[in-house]
There are 2 protein chains.
Amino acid sequence: MPPGRRERKKAATRQKIADTALRLFLERGYDAVGIREVAAEADVAVTTLFSHFASKEALVFEQDQDFEQRLMRAVTDRAPHEPLIPALRREVHALVRHCTADSAAPIWRMIDESPALREYEESMRLRHAESLATAIAADPDLSRSTTACRTIARFAIDAYSLAREAADPDAAVDEIFRMIEAAWEATSP
Amino acid sequence: MPPGRRERKKAATRQKIADTALRLFLERGYDAVGIREVAAEADVAVTTLFSHFASKEALVFEQDQDFEQRLMRAVTDRAPHEPLIPALRREVHALVRHCTADSAAPIWRMIDESPALREYEESMRLRHAESLATAIAADPDLSRSTTACRTIARFAIDAYSLAREAADPDAAVDEIFRMIEAAWEATSP
DNA sequence: TTCCGAAAAGCTAACCGTTAGTGCTATGTT
DNA sequence: AACATAGCACTAACGGTTAGCTTTTCGGAA
């Protein structure tokens, strides 16, 4: 059954809000644009805006679920008997490249300049680390302690976060993952 | 010259605000107590409260600078030629014990129950990691890359954060630091 | 001692993100 | 055709935070 008119309209409203918000934020700065302004420009009521997005920050990180699912799939969908760490490294490489692409630069500059957005992203990363830890703990090939799984998941997210800020992001991913590889091997029986 | 009356009064006001806030928060819940209420109970104006504390959350994490300085001193004040990782592990052990002591339990329960406080603490941890990374990078005995220093600092903070939530915090610190030790050795030439 | 400049504290009034309450309108279903 | 419901709008408010301005209090110089 194809999506009905109702769902299409809802999706369109959501998209229009997100597009309008991002445009205004990039034009005039995140902090300088109020929620009431975004709603007016998108021609919706403030309450409608908040029925689509849980907070002002969520307007910026619209597709953060992609991020989370890609990390988990890097673990669950990897080839049989492929070791964990290289699979994770490959995915983190891809994510970092995606974030450091020239087209994404203005958005990340905006995020860096707003403490509220930075805090929100930090919080998001922790959620992602928890999901990743669950995926790792669920793999029967690995069978490490809960603490080891959560630790490696945090380390992988740290790699993403640190590499994004490094002068040479690609090299930073490799450098950090050499450390993560050693940490992971230190947990095997 | 000993501190004058002015500074003593200022410190007393600050302390009274912090004590009142913590008492009210523990009695009736962080979210259930408003800033105006804290100010009234401490007998100060709201603006005075905000001249002493940057935010409502900062009322709870009053002495977070202690935390930051203890971590940095564990690096800078360690015995000559003492390796880095054991010194860090010792300090993280102490910090975790301090936070998981019975007397601190109600405070951490309150923090766990409030998303705003959790986010604030996450943000604090990142700041602490940056300070720690600076201290590590400044040690001439170590001479690792900037990325390696920042990575190890993050890992140490992760250890603190993860161990605090583990069933056996002491054992978790040891387990995670075995991983950190391996990661650190993977960076030596 | 007296007086001045500055720091601390106060008051008012607002801004901004967010939510509850209520009702209207369009859509999918019977 | 009629009903149930999801989406949206509007108003009004709440709570954290800040700007602007006045008053009090202290430290030191005259």
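Numbers restart at 1 for each chain; the letters A, B, ... are given by sequence-line order, proteins then strands.
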Nucleic acid contacts - residues 32-44 of chain B versus DNA chain D, non-hydrogen atoms under 4.0 Å:
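Contacting residues: B:Val33, B:Gly34, B:Ile35, B:Arg36.
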I need the residues from residues 10-28 of chain A with at least one non-hydrogen atom less than 4.0 Å from DNA chain D; give them sorted by number, or say none.
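When residues 10-28 of chain A is checked for heavy atoms under 4.0 Å from DNA chain D, the hits, listed by number, are A:Lys10, A:Thr13.
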Please identify each residue that fulfils side chain to side chain donor-acceptor pair (under 3.5 Å) with [X], with sequence neighbours left out.
X        : answer
A:Arg36  : none
A:Asp139 : A:Arg78
B:Arg89  : none

Quick check on D:dG7: is either OP1 or OP2 less than 4.0 Å from any side-chain nitrogen or oxygen of A:Thr48?
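Looking at the OP1 and OP2 atoms of D:dG7, neither is under 4.0 Å from any side-chain N or O of A:Thr48.
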For A:His52 and D:dG7, is the shortest distance between a side-chain N/O and OP1 or OP2 below 4.0 Å?
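Answer no for this pair, as no side-chain N or O of A:His52 is under 4.0 Å from OP1 or OP2.
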Please list, chain by chain and in numerical order, all residues satisfying salt bridge (charged side-chain N to carboxylate O under 4.0 Å, His left out) with [X], sequence neighbours excluded.
X        : result
B:Asp112 : B:Arg118
B:Glu68  : none
A:Glu130 : A:Arg150

Nearest-angstrom distance from the residue atom [atom1] of [X] to [atom2] of [N]:
X        : N      : atom1 : atom2 : answer
B:Asp31  : C:dT18 : CG    : P     : 14 Å
A:Glu119 : C:dG17 : CD    : P     : 16 Å
B:Leu49  : D:dT18 : CG    : P     : 11 Å
B:Leu117 : D:dG16 : CG    : P     : 12 Å
A:Lys56  : C:dT18 : NZ    : C1'   : 12 Å
A:Tyr120 : C:dG17 : OH    : C1'   : 14 Å

Both A:Ser55 and B:Ser51 contact DNA chain C. Which one's nearest nucleotide lies toward the 5' end?
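Its nucleotide being nearer the 5' end, the pick is B:Ser51.
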In B/S/- notation (B base, S sugar-phosphate only, - none; protein heavy atoms under 4.0 Å), nucleotides 19-30 of chain C written 5' to 3' is BB-----BBS--
Residues in ring-ring contact (aromatic ring centres under 6.0 Å, His included) contact with [X], at least two apart in sequence or another chain:
X        : answer
B:Phe177 : none
A:Phe67  : A:His128, A:Tyr160
A:Phe50  : none

If you measure from the Lys or Arg side-chain nitrogens to the Asp or Glu carboxylate oxygens, is any gap between A:Glu113 and A:Arg109 under 4.0 Å?
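So A:Glu113 does not pair with A:Arg109 through a salt bridge.
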For the student: nearest non-hydrogen atoms of A:Cys99 and A:Trp108, plus distance:
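Looking at all heavy atoms of both residues, the closest pair is O-CD1, 3.2 Å.
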